[in-house]
Structure formats: C-alpha cells, structure tokens
Amino acid sequence: MSVATREGEAKPACLSLLRPEMALKLAHRPSRARMRAPLPMSTERKTLDQRAQMSDIERLRHSCAHIMATAILRLWPDAQFAYGPPIENGFYYDFQMQHRITPDDFEKIEAEMKKISKENQKFEWKGISREDAKAMAESGRLGGLSERPGNPSIFKLDLIDKIPEGEQISCFQNGDFIDLCAGPHVGYSGKCKNVKLTSVSASFYMGDETKASLQRVYGTAFESKEELEAHFVRLEEAKKRDHRKLGKELKLFHIDEDVGQGLILWTPNGAILRQELQNFISEELRKQGYSQVFTPHIGKLSLYKTSGHFPYYKDSQFAAIVENDDLAKVIHEGCGCGEVMARLGGISAKLRQQLNDRAGKEVVSEENVLPDDQLLDGFMLKPMNCPHHIKIFDSQPRSYRELPVRLAEFGTVYRWEQSGELNGLTRVRGFTQDDAHLFCTEDQVAAEVLGCLSLVKIVLNTLGMTDYRVRVGLRDPDSSKFTGNPEQWDKAEEACRAAAATLGVPFTEEPGEAAFYGPKIDFVIKDVIGREWQLGTVQVDYVLPVRFDLSYIGSDNKSHRPVMIHRAPFGSMERFCGVLIEHFAGHFPTARQSPLHARPRRERSYCRWSLCPPC
RNA sequence: GCUGUUGUAGCUCAGUGGUAGAGCACGUCCUUGGUAAGGACGAGGUCGAGGGUUCAAAUCCCUCCAACAGCUCCA
C-alpha cells in the first residue's frame with residue numbers, strides 16, 4: 001500500500017500513519033531562521049580581495065565588533081584584543097583581560113556602545129608600514145585607546161607576523177580606538193545602533209587548545225531596529241521547537257542523572273515515534289533485499305584489536321570491561337593501574353603477524369606486542385556494529401552467487417563523547433544506528449552505493465526533510481592516514497562521486513574527509529537553529545575485509561576479497577528523532593488510527609498534544 | 001575536557017540570613033450534554049549533593065554532580 005506524495009513518489013506503507021495532507025503541509029513549511037551559528041574560525045587567512053567582498057551587513061557587524069572593543073577598553077583599559085570577525089547574524093571579539101565578563105556586564109558595555117554610536121565616530125583607514133605596525137603594537141597602541149606602556153598588543157604582534165610579506169598592512173581608527181584591521185568598515189559609528197550582546201564564552205587563540213584562553217563576547221546587529229527585533233522573535237520561535245523542550249512536554253524521552261549523561265530513556269510516546277520509523281525503514285530494507293540480524297552489545301577486545309578500532313579510538317570509547325577472575329588475578333599479582341591498562345591494550349605476536357601479513361605491510365608495530373601470558377583480555381561496549389556483522393559474513397564460506405550480502409541491524413553502540421558536547425538526542429553516548437553492512441564484489445560497489453543513496457533519499461523525501469546537503473569525503477593524497485591501494489581508492493571515489501551526482505542535490509567534494517578505510521558520502525541536515533547534523537552516511541571500505549581476511553569464491557573458483565559498504569540512512573535513531581522533532585515542531589504526521597490519538601478522556605492531557613500540540 | 005551561566009513541587013518560575021511560595025498539572029467532592037468548563041477542599045519539597053561560616057543558610061563560602069551557551073573534539 002502506498003500513498004502519493006507531492007513529489008509523485010510512492011510513499012512506503014510503513015508510514016501509513018502519515019496523513020497525506022499533513023505531510024504536504026509540513027513539507028512546505030518554510031525552514032525557520034537560523035540562530036547564530038558561529039562560523040568555524042578559518043585557519044587560512046582571508047585575502048584582501050576576499051575581504052573587500054564583505055557584504056554590507058557583514059561590514060556593519062565587523063564595525064560593531066570594533067565599537068564593542070572600544071566600549072570594553074573604556075571600561076577595562078588593560079584588555080588585549082585578538083580577533084573580531086562578523087559571523088552569521090552578528091559578530092564576536094576575542095580578548096584577554098583581568099576582569100571576567102559576565103552577562104551582568106552587558107548592560108554597561110551596551111550603554112557605552114550606544115554612546116560611541118551617538119558620537120558618530122568616523123572609521124578611518126590608514127596604510128602603515130610593517131615597522132610602524134610593530135612599533136604601535138609594542139607600545140600597546142594597536143587594539144587600544146592610547147599607548148599602554150608595559151602592556152604590548154601581544155595578539156596583534158602575532159597577527160602582524162602572519163601577514164605575508166608585500167601585503168599592505170593597515171589599521172582602522174574610530175575615535176581613540178586604533179585596531180590592526182584590513183577592513184572594510186561602515187563610514188560612521190552612527191550606523192551601528194541596532195546591536196545587542198548575546199553571550200560570553202571562552203575560546204582559544206586561533207582556535208588552538210594549546211594557545212591562550214580568551215574571553216569571547218558575542219553580539220548581534222542589524223541594519224534596522226525592526227530586523228533586530230525580528231531576529232529575537234525568530235530565536236524565540238526556534239526555542240519553541242527545541243527537541244529537548246518538546247521531548248519533555250510531549251513526554252518523548254527522558255535523560256536521568258542516575259542512569260547517566262547522554263543515555264536516552266525512551267518513554268512510551270517516544271517509543272511510538274521511534275518504532276514507526278524503524279518499521280518504515282525495515283520495510284524499505286526488506287524491499288531492497290537486506291537480511292535482518294541481531295548482535296550483542298559487547299564484544300571482546302581482541303575483536304576490536306583486529307578491526308583496528310582499539311586502541312586507536314580508545315579515547316572515544318567506554319573503558320574495557322574486565323572479567324572478575326581476571327581482575328582478581330591481576331590484583332593478586334599486584335598490578336598497578338597503568339600496567340593493567342597496558343596489558344589490556346597489548347596485542348599478541350600472532351595477531352600482529354596475521355594483520356601485517358594480510359595488509360602486506362606493517363600496520364601494527366612491534367611496540368604494541370606483549371607476551372601471551374601478559375595479555376589481559378576483556379570486553380568492550382561496542383562502539384560500532386561492523387566487527388559483529390563481519391563475523392556473521394565470515395561464519396560460512398561465501399560464493400559470488402550470494403553477493404551482495406546485506407546485513408542490517410538496529411544496532412546500539414556506545415561512544416564516549418566529551419561531556420560538553422552532549423546535547424539532548426542529537427549527541428549522546430549510547431545510540432542505535434539503523435546500521436547495515438554490505439559485502440559485495442568490486443564490480444558491485446557502484447550499484448550498491450547508488451542503492452544506499454536512493455534509500456537515504458526516500459527516507460528524507462518521505463519525511464519532507466529537504467534542507468540537506470551531500471558531502472563526498474575523499475582522501476587527502478598527502479596524508480598517511482589513509483590505507484589501501486590508490487587504484488581502489490580512485491575507483492571507489494569515482495563511484496561515490498557518480499552516485500552523488502545522480503541525487504539531484506548539490507554536493508561538495510571534500511578532500512581529507514574520507515574515513516581512513518575508504519571514501520564516504522554524508523547527508524548533512526540543518527536543524528532549526530542552523531546547526532548542521534550529519535545523519536545518513538554511506539562509506540566504502542577496503543580495509544576491514546583485509547584485516548579480517550574476508551573472502552568469497554568467484555566464478556573462477558578462486559578466492560577473492562569482498563568490498564564492504566557501511567551505511568546508515570538515519571545515522572542514529574536518537575539523532576534522527578531529535579532532528580525530526582524540531583523539523584515537525586512536535587506536529588508529527590499521524591492518522592486517525594494512530595495510538596497517539598485514541599485516548600480515553602481520563603488521559604486528556606496526554607492526547608491533547610497529538611491533537612493540538614503546543615505551538 | 002575548557003570558559004561562563006543555571007539548578008526551589010510533575011512543569012514554568014518567584015523567593016538577598018529568621019516558620020518554603022504562585023500559576024498550571026495531580027487527588028477527592030460538587031456543578032455542568034461535551035474536548036484546555038466553573039467551584040470547594042486536599043496532597044505534593046532532606047530548595048542538585050557534600051562540606052564550611054553563623055544563634056540561624058534555599059540565600060554567604062568551598063568541592064563535587066548535572067543542564068544550558070560557546071570553545072575544542074567527533075569512526
């Protein structure tokens with residue numbers, strides 16, 4: 001059974017709960033305004049030409065950054081400024097000073113900024129020689145209101161050194177404030193009156209963790225008061241769609257401190273949502289000839305040593321689980337913690353030999369080898385499903401007639417994410433991938449990649465999620481990170497490129513973004529506040545079949561190496577549901593027969609949201 | 001992990017050193033031919049955890065934990 005969509009494509013029966021008129025309406029919902037999404041600090045300098053192309057609003061915001069710096073200096077003259085670019089919806093300036101800015105200071109700074117705007121200071125460009133620039137920085141004059149003996153402009157000095165020889169060095173002056181700056185700026189500070197400071201945070205100089213820690217104040221600025229107000233209205237609207245807020249209101253999921261950070265408890269309502277999606281994808285998988293499998297949540301360390309995930313990715317995995325008797329033994333032997341860790345991380349000489357032989361070169365160095373009686377094995381919460389699926393493929397001899405073998409599982413994996421990076425459903429420590437691994441011949445790669453992509457496209461189109469882009473991750477030829485032989489890479493990259501081109505959506509090729517084992521295609525979806533989330537992914541892999549010594553018998557009755565394709569159209573159920581909640585703003589497409597609807601009066605508060613969710 | 005902010009009832013929040021509060025939600029009863037109806041009464045809190053200062057701490061100080069924003073990272 002299928003229903004028509006506006007694209008005229010058949011809609012899978014498993015989304016039978018989708019009311020066509022609702023789907024249509026939702027698909028046309030305009031994407032909400034983007035909240036401040038800081039542009040990643042580019043490690044490459046912009047050329048003067050690129051700078052000259054700054055749009056009017058970027059000019060205004062950049063000037064606002066200078067005005068904010070001026071205001072901060074009037075209040076705290078010791079401040080040392082680093083970097084103050086315009087960003088989407090606003091600007092920031094990074095600086096270092098004794099006083100720690102808190103949001104309570106914003107009012108003071110804004111008041112000072114307003115004064116500066118009223119003073120209508122002229123922004124004046126001055127070309128200066130490298131020597132003069134350095135002298136001004138030494139005296140503390142650059143990024144200051146006056147000379148500041150004993151307080152040289154340290155960051156400006158560094159920035160001057162980064163300006164290539166022969167390039168014009170310039171500064172801009174407004175009032176007493178002189179800053180090293182290539183511009184461009186607005187003519188007068190009077191233009192910068194619709195400004196509001198939004199947040200303060202820490203940053204690192206040049207985005208480098210090892211460099212100085214700076215304070216960063218963010219602000220937003222627009223040409224008119226109306227636009228500024230509209231911006232804050234949009235932010236409010238975006239907040240209402242936040243999946244964490246809706247998740248609580250609609251009782252979709254719960255995160256409990258006692259269970260742990262980043263570990264999702266799916267409550268009955270959320271389980272309905274997730275189950276519908278799983279049914280939907282299961283149906284598509286069945287159509288495309290996948291086989292469903294189930295595998296356990298843990299596996300032995302040696303499995304991940306063979307795959308190469310341990311200890312290479314050790315920092316982003318949960319620690320090993322050591323069996324009681326083994327633990328008692330090492331305690332009895334008086335092992336220190338460091339020694340236990342080393343014994344867990346070691347690899348046997350035999351396994352090292354096997355891996356190196358299979359790869360035809362040294363992929364595991366001798367320093368990781370420990371004598372067998374020193375090795376301590378344990379288990380690990382699985383950080384990915386591939387090794388388990390590989391073992392299923394390898395559990396019996398395979399003929400080319402069976403290929404491609406497509407093994408699918410809603411596989412739950414666990415990864416150790418930094419605490420500051422956790423975010424509702426979109427960044428978690430335990431999540432379920434709609435994972436599958438395809439084992440195919442070299443010649444089947446292109447067709448299989450194409451099949452995977454069409455699956456992702458069906459999923460996204462069915463749900464009306466059209467604000468996405470496609471990223472083809474290619475290898476960086478200069479990097480040693482990428483293993484495998486160049487011809488295979490070329491072939492796989494070409495297959496990915498060609499497959500992406502058939503999608504009919506813009507895609508970018510990004511050298512250096514490939515996984516170490518092969519090229520990949522990612523679907524990146526923008527959420528309601530402009531953050532991009534990588535959801536679906538398709539990756540070609542030539543490495544794991546080698547490490548696990550996989551083979552099949554070809555028509556020539558000889559053994560051949562299969563190619564693996566990893567793919568997950570949703571990415572993870574958690575992240576996808578998070579993005580989906582915001583996409584639909586909680587107005588999930590449901591039909592009359594949906595369990596979300598038929599609720600007795602007693603549970604009025606419960607059914608309310610499915611009929612008339614909070615707007 | 002780093003910087004900052006926040007943490008009080010199921011939810012949203014008020015409460016600046018002196019007996020723990022409001023609205024909504026919840027329970028019982030009454031009213032009411034109807035989809036967030038009205039009324040009466042009621043229940044619900046070691047004020048994130050632990051320590052300290054004080055005659056006295058939700059409130060001041062310290063240490064943790066967690067959430068949020070940003071940075072950094074992300075197979």
Side-chain angles (χ1 to χ4, degrees), chain A residues 35-41 83 87 90 92 94 96 99-106 198-218 235 239 242 244-245 247-251 254-263 304 307-310 312-317 382-387 413-424 426-429 431 433 435 473 481 513-518 520 522 529 531-534 537 539 541 543-544 566 568 571-572 575 597 599-614:
Chain A
M35 209 160 102
R36 141 176 55 66
L39 304 177
M41 187 185 288
Y83 233 59
I87 55 172
Y92 68 79
D94 282 348
Q96 196 173 49
H99 174 76
R100 287 234 168 268
I101 298 269
T102 71
D104 292 340
D105 296 317
F106 288 175
T198 51
S199 65
V200 57
S201 74
S203 65
F204 297 104
Y205 182 59
M206 305 305 284
D208 183 342
E209 212 169 341
T210 62
K211 296 209 164 91
S213 176
L214 306 173
Q215 304 192 57
R216 174 177 296 179
V217 174
Y218 285 92
L235 284 188
K239 265 193 207 161
D242 190 308
R244 292 163 301 191
K245 177 179 147 75
K248 197 177 267 184
E249 284 176 5
L250 308 184
K251 299 193 174 73
H254 174 63
I255 299 169
D256 193 281
E257 279 187 34
D258 286 339
V259 174
Q261 285 180 279
L263 299 171
Y304 300 103
S307 72
H309 292 111
F310 186 92
Y312 190 61
Y313 290 114
K314 203 170 60 183
D315 290 344
S316 43
Q317 291 164 357
K382 67 177 174 187
M384 66 283 301
N385 302 300
C386 346
V413 298
Y414 300 88
R415 298 180 190 181
W416 187 258
E417 301 287 354
Q418 293 185 79
S419 62
E421 203 41 59
L422 297 170
N423 179 286
T426 49
R427 192 78 183 261
V428 293
R429 284 183 176 158
F431 56 96
Q433 296 178 309
D435 209 359
K481 175 182 150 195
E513 286 301 306
F516 72 90
Y517 47 72
K520 62 177 185 176
D522 292 331
I529 54 176
R531 286 174 302 204
E532 288 195 323
W533 292 104
Q534 184 196 314
T537 180
Q539 305 181 358
D541 180 0
V543 172
L544 285 181
H566 310 243
S572 86
R575 181 176 289 182
H597 261 258
R599 291 287 155 183
R601 184 186 158 86
R602 203 178 128 67
E603 293 183 38
R604 198 176 57 222
S605 66
Y606 172 90
C607 75
R608 189 171 67 209
W609 63 265
S610 66
L611 293 165
C612 177

In whole angstrom, give me the gap between the [atom1] atoms of [N] and [M].
N     : M     : atom1 : result
B/C11 : B/G45 : C1'   : 15 Å
B/G50 : B/G7  : C1'   : 16 Å
B/A20 : B/U46 : C1'   : 13 Å
B/U6  : B/A14 : P     : 11 Å
B/C64 : B/A25 : P     : 42 Å
B/G44 : B/G38 : P     : 25 Å
B/C26 : B/U12 : C1'   : 16 Å
B/A57 : B/C62 : C1'   : 15 Å

Distance in Å, A/Met384 CE paired with A/Gln317 CD, rounded so as to fall on 0.5 Å steps: 6.0 Å

Integer-rounded Å distance: [N] [atom2] and [X] [atom1]:
X        : N     : atom1 : atom2 : answer
A/Asp258 : B/A49 : CG    : P     : 12 Å
A/Lys245 : B/U6  : NZ    : C1'   : 17 Å
A/Gln418 : B/G70 : CD    : P     : 15 Å
A/Tyr83  : B/U72 : OH    : C1'   : 17 Å
A/His254 : B/G10 : NE2   : P     : 12 Å
A/Glu417 : B/U72 : CD    : P     : 16 Å
A/Glu421 : B/C71 : CD    : C1'   : 9 Å
A/Lys248 : B/A9  : NZ    : P     : 11 Å

Where the side chain of A/Thr198 meets the backbone of A/Tyr218, is there a donor-acceptor pair that is under 3.5 Å apart? yes

Please enumerate all protein N or O atoms sitting under 3.5 Å from an N or O of nucleotides 3-5 of chain B, with distances to 0.1 Å.
from	atom 1	to	atom 2	distance (Å)
B/G4	OP1	A/Arg100	NE	3.3

First encountered from the 5' end of RNA chain B, between A/Met384 and A/Gly420: A/Gly420

Got a minute to check which stems RNA chain B is part of, using Watson-Crick or G-U wobble pairs under 3.5 Å, three or more consecutive? B:1-7 with B:65-71, B:10-13 with B:21-24, B:26-31 with B:37-42, B:48-52 with B:60-64

For the side chain of A/Arg427, counting heavy atoms from C-beta on, which of B/C11, B/C73, B/C71 is nearest? B/C73

Determine whether any donor atom in the side chain of A/Arg415 lies under 3.5 Å from an acceptor atom in the base of B/C74, or the reverse, and answer yes or no. no

Under the criterion side chain to side chain donor-acceptor pair (under 3.5 Å), which of A/Thr537, A/Asp541, A/Asn385 is the partner of A/His566? A/Asp541

Identify the pairs formed between an N or O of the protein and an N or O of nucleotides 62-68 of chain B at a distance under 3.5 Å, and give each distance.
from	atom 1	to	atom 2	distance (Å)
B/A66	OP1	A/Gln261	OE1	2.7
B/A67	OP2	A/Gln261	NE2	2.4
B/C68	OP1	A/Arg244	NH1	3.2

Less than 4.5 Å apart, any side-chain heavy atom of A/Val217 and any of A/Tyr92? no

